[in-house]
Amino acid sequence: MNDTPTLTLYNSLTRQKETFTPQDPSRVTMYNCGPTVYSYAHIGNARAAVVADVLFRVLRHIYGQEAVVYARNITDVDDRIIQSAKETGKPISEITEKYAKIYNDDLAAIGCLPPTYQPKATEHISHMIEMISKLMEDGFAYASDDHVFFDVSTYDDYGKLSGNTLDALRGGDRVGEGEVARKKNSADFVLWKPELDGVGWDAPFGRGRPGWHIECSAMAKATLGEVIDIHCGGVDLKFPHHENEIAQSCCANGHEKFANYWVHNEFLNMAKADGSSEKMSKSLGNVTLVHDLLKEWDGEVIRLALLKAHYRSELNWSEDLLKESKAQLDGWYRKKADYFRVKSLGAGSNVPTYLDELLDELNIPLLLAGLDNVSEYIETLYTANSEGGISNEQMSENEDWNIFVDLDFMIKRANLLGFLQKDPEVWRKGGLDYDVLVEEYDSVRAQAIAAKEAGDKAKMGEMFKRSDEIRDQVAAEGIVIESGPDGKSTWRKA
RNA sequence: GGUACCAUGGCGGAGUGGUGACGCUCUGGAUUGCAAAUCCAGCUACCCCGGUUCGAUUCCGGGUGGUACCUCCA
């Protein structure tokens, strides 16, 4: 294992780039906070999931597929879910199962591998109760007015992750409102709440339901262990969610750390008409759902758009970003079609694949550029051929082999990142069928060319006009006709 | 008020103490009946002011501008 690639990650906890060293290379653990399933996932949720997915893929590449254990939870007990059940009159399980499935389907469509474990909060209530009991026994938590709170004053490192201090947090107090009145310190957070609308579980400290933060602590422990290697999530979860997870887990489990590395992705902003941008939020009414985008765009286009910026940079989301991603992928897929052509000539390759660019803090944009660099190199080979008077179809076996190796390398790397998974023909045609119309186009054009050769200009003009009409007609339906050198045309979805 | 992040061409976006990747767009050319696609060529950028240095876009300080978190939120 001397040649294990070295991965560096920016650790939000220490605020510096660090070399990643797992506790056990044969069982590398990562946790990502999953969705609360009461509605569709939006594109911001997707960014967090895609970033975690890339990290998952890189870890699998380094340590082996079986060696990486990735847990992404489903929060299926929550006030918003209870409220939604009440409003729609549907059973809670119907709502949570529906949206959990949609979430998984949508993420699969944008190339996210399924996590090793997908624990549901309702299946881990006993673990949460255990953890809360332990915290109470050891004096880290206290009961108050049918609630149980974590006492932040008992944990010295509270605020270390987010950079908040208890004094600073105290500044925002609104004493007397709601929970604040029940707490010892305003920063104390709830571990257990009383039953709501019949939703509750029996516990030694009273029938009730879990607070939000304890869920992740309990599920991470149940699926991955008491100390995990990497914890991912969006920056907005850093405080209070992740801060509270650390406090609970460390105090309950008796370890100095909960996660050794914290990886936080930056936010996604929505572009505004005036060129500025603002964060996506429901209150601003600018939420874009993955589910809706998938109706119009291929999942790989959305995935590429999400990965165009470094995960620690903010990403401005826009329609142009999607268009740009589509254009870039079209180019890659042309290369993939070429790959099959050369492969059919008998070329072979066993080049090793690597993701070195990602080892430096998941520099995804650099790897994407690397794909295009290979692509460009292949062009120079083609150009060299054409200058030698040889068509690409007539290249020597040796040249084919060279090109194949490069294409193979590029495509394998793209595949590792979750791109170029489709057949190039399927990609081009998007499941449509315009073969008949395009054949007619060719046939009319052939007549035009024949008329031209016969010197019949009137007929030539007429035939070209008819072929142009066909081309305009399919163009109106979003189809682009591409003429081949031999008079045979192909077509693709624009 | 507290905390943190960011500032590169028309747009997106890497990177580096010493000719500024890559993608998209755009311009010119080849090709085409005209297009499309493809190929070739090309235009355009490191927020401002100091400091360190032989040399800074890159390091340090200040300024300006932008953003996020401190409340449910990826």
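Nothing here was measured: the structure is a model prediction, and the numbers come from that model. Letters A, B, ... mirror the listed sequences (proteins, then strands); counts begin at 1. Side chains included, hydrogens not; waters and symmetry mates left out as well; all remaining heavy atoms used.
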Can you give each donor-acceptor pair under 3.5 Å made by side-chain atoms of residues 51-59 of chain A, sequence neighbours left out, with the distance rounded to 0.1 Å?
unit_1: A:D53; atom_1: OD1; unit_2: A:L113; atom_2: N; d: 2.8
unit_1: A:D53; atom_1: OD2; unit_2: A:R57; atom_2: NE; d: 2.8
unit_1: A:D53; atom_1: OD2; unit_2: A:R303; atom_2: NH1; d: 3.2
unit_1: A:D53; atom_1: OD2; unit_2: A:R303; atom_2: NH2; d: 2.8
unit_1: A:R57; atom_1: NH1; unit_2: A:L416; atom_2: O; d: 3.1
unit_1: A:R57; atom_1: NH2; unit_2: A:G111; atom_2: O; d: 2.7

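Of the candidate nucleotides B:rC34, B:rA74, B:rG13, B:rA74 has the atom nearest to the side chain of A:N45. Of the candidate nucleotides B:rA36, B:rG13, B:rA74, B:rA74 has the atom lying nearest to any side-chain atom of A:L237. Here the side chain of A:D468 is nearest to one of B:rC72, B:rG13, B:rC34, namely B:rC34. Taking every side-chain heavy atom of A:R15 into account, B:rA4 is the closest of B:rA36, B:rC72, B:rA4. Candidate nucleotides B:rA74, B:rG33, B:rA14 were compared by shortest atom distance to the side chain of A:L366, and B:rA14 ranks first.
A donor-acceptor contact under 3.5 angstrom links the side chains of A:Q248 and A:S217, judged on distance only. Donor-acceptor pairing under 3.5 Å is lacking for the side chains of A:R445 and A:S489. Counting only N and O atoms by type, the side chains of A:E469 and A:Q473 include no donor and acceptor under 3.5 Å apart. Neither side chain, A:S318 nor A:D320, offers a donor N or O lying under 3.5 Å from an acceptor on the other. Between the side chains of A:Q118 and A:N104, a donor-acceptor pair is found at a separation under 3.5 Å.
As rounded to whole Å, 14 Å separates atom P of B:rC70 from atom NE2 of A:H241. B:rA36 atom P lies 16 Å from atom CZ of A:R428, rounded to whole Å. The distance between atom CG of A:L367 and atom P of B:rG15, rounded to the nearest whole Å, is 13 Å. Across the protein-nucleic acid pair, A:F239 atom CZ and B:rA4 atom P stand 14 Å apart, rounded to whole Å. Look at CG on A:L306: it is 16 Å from P on B:rG12, rounded to the nearest Å. A:D356 places its CG atom 16 Å from the C1' atom of B:rG15, with the value rounded to the nearest Å. In this structure, the CZ atom of A:F189 is 16 Å from the C1' atom of B:rC70, given to the nearest Å. Distance OH (A:Y38) to P (B:rC72): 13 Å, rounded to an integer number of Å.
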- Task: Whenever both distances are under 3.5 Å in a Watson-Crick or G-U wobble pair, mark it; put RNA chain B into dot-bracket that way, with [ ] for crossing pairs and | when the partner is on another strand.
- Result: (((((((..(((.....[...))).(((((.......)))))....(((((..]....))))))))))))....
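With hydrogens and angles left out, the side chain of A:S162 and the base of B:rA4 share no donor-acceptor pair within 3.5 Å.
A cation-pi geometry, defined here as NZ or CZ lying under 6.0 Å from the six-membered ring centre and within 45° of its normal, does not hold between A:R428 and A:Y333.
Under the salt bridge (charged side-chain N to carboxylate O under 4.0 Å, His left out) criterion, A:K160 pairs with no residue, sequence neighbours left out. For A:Y261, there are no side-chain hydrogen bond (donor to acceptor under 3.5 Å, both in side chains) partners at least two apart in sequence or on another chain. Residues passing the side-chain hydrogen bond (donor to acceptor under 3.5 Å, both in side chains) test with A:D292, sequence neighbours excluded: A:K295.
Rounded to whole Å, the separation between the P atoms of B:rG2 and B:rC72 comes to 23 Å. Remark: the separation of the P atoms in B:rG12 and B:rU64 is 25 Å, to the nearest Å. Distance check on atom C1': B:rG23 versus B:rU8 gives 15 Å, rounded to whole Å. Between the P atoms of B:rU3 and B:rC54, the separation comes to 37 Å (whole Å). Rounded to whole Å, the separation between the P atoms of B:rC40 and B:rA45 comes to 24 Å. For the P atoms, the distance from B:rU67 to B:rG62 is 22 Å, rounded to whole Å. Spacing of C1' atoms, B:rC24 relative to B:rG13, comes out at 11 Å, to the nearest Å. Across B:rC47 and B:rG15, the matching P atoms stand 15 Å from one another, rounded to whole Å.
Between A:F149 and A:F189, the distance from one ring center to the other does not fall under 6.0 angstrom. The aromatic ring centres of A:H213 and A:H242 sit 6.0 Å or more apart.
Comparing A:Y10 and A:K452 by the nucleotide of RNA chain B whose heavy atom lies nearest to each, the residue mapping closer to the 5' end is A:Y10. Comparing A:K238 and A:Y311 along RNA chain B, the residue whose closest nucleotide (by nearest heavy atom) sits nearer the 5' end is A:K238.
Among the heavy atoms of the strands lying under 4.0 Å from A:G233 are primed sugar atoms or P, OP1, OP2 only; no base atom is included. In this structure, A:R471 reaches the bases: a heavy-atom distance under 4.0 Å links it to at least one base atom across the strands shown. Using a 4.0 Å heavy-atom cutoff across all strands shown, A:V235 reaches no nucleic acid atom at all. A:L321 comes within 4.0 angstrom of the backbone, heavy atoms only, and of no base. Residue A:H264 is classed as having no contact, given no heavy-atom separation below 4.0 Å to the nucleic acid. Within 4.0 Å (heavy atoms only), A:S467 reaches at least one base atom of the nucleic acid. Among the protein residues, A:S489 comes within range of no part of the nucleic acid, since none of its heavy atoms lies under 4.0 Å from any strand.
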Any N/O pairs under 3.5 Å between the protein and nucleotides 22-25 of chain B? List them or say none.
unit_1: B:rC22; atom_1: O2'; unit_2: A:D372; atom_2: OD2; d: 3.3
unit_1: B:rG23; atom_1: O2'; unit_2: A:Q328; atom_2: OE1; d: 2.9
unit_1: B:rG23; atom_1: N2; unit_2: A:E324; atom_2: OE1; d: 3.3
unit_1: B:rG23; atom_1: N2; unit_2: A:E324; atom_2: OE2; d: 2.8
unit_1: B:rG23; atom_1: N3; unit_2: A:E324; atom_2: OE2; d: 3.4

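For A:S313 and B:rA7, the shortest distance from a side-chain N or O to OP1 or OP2 is not below 4.0 Å. Contact check, A:N363 against B:rG15: a side-chain N or O comes under 4.0 Å of OP1 or OP2.
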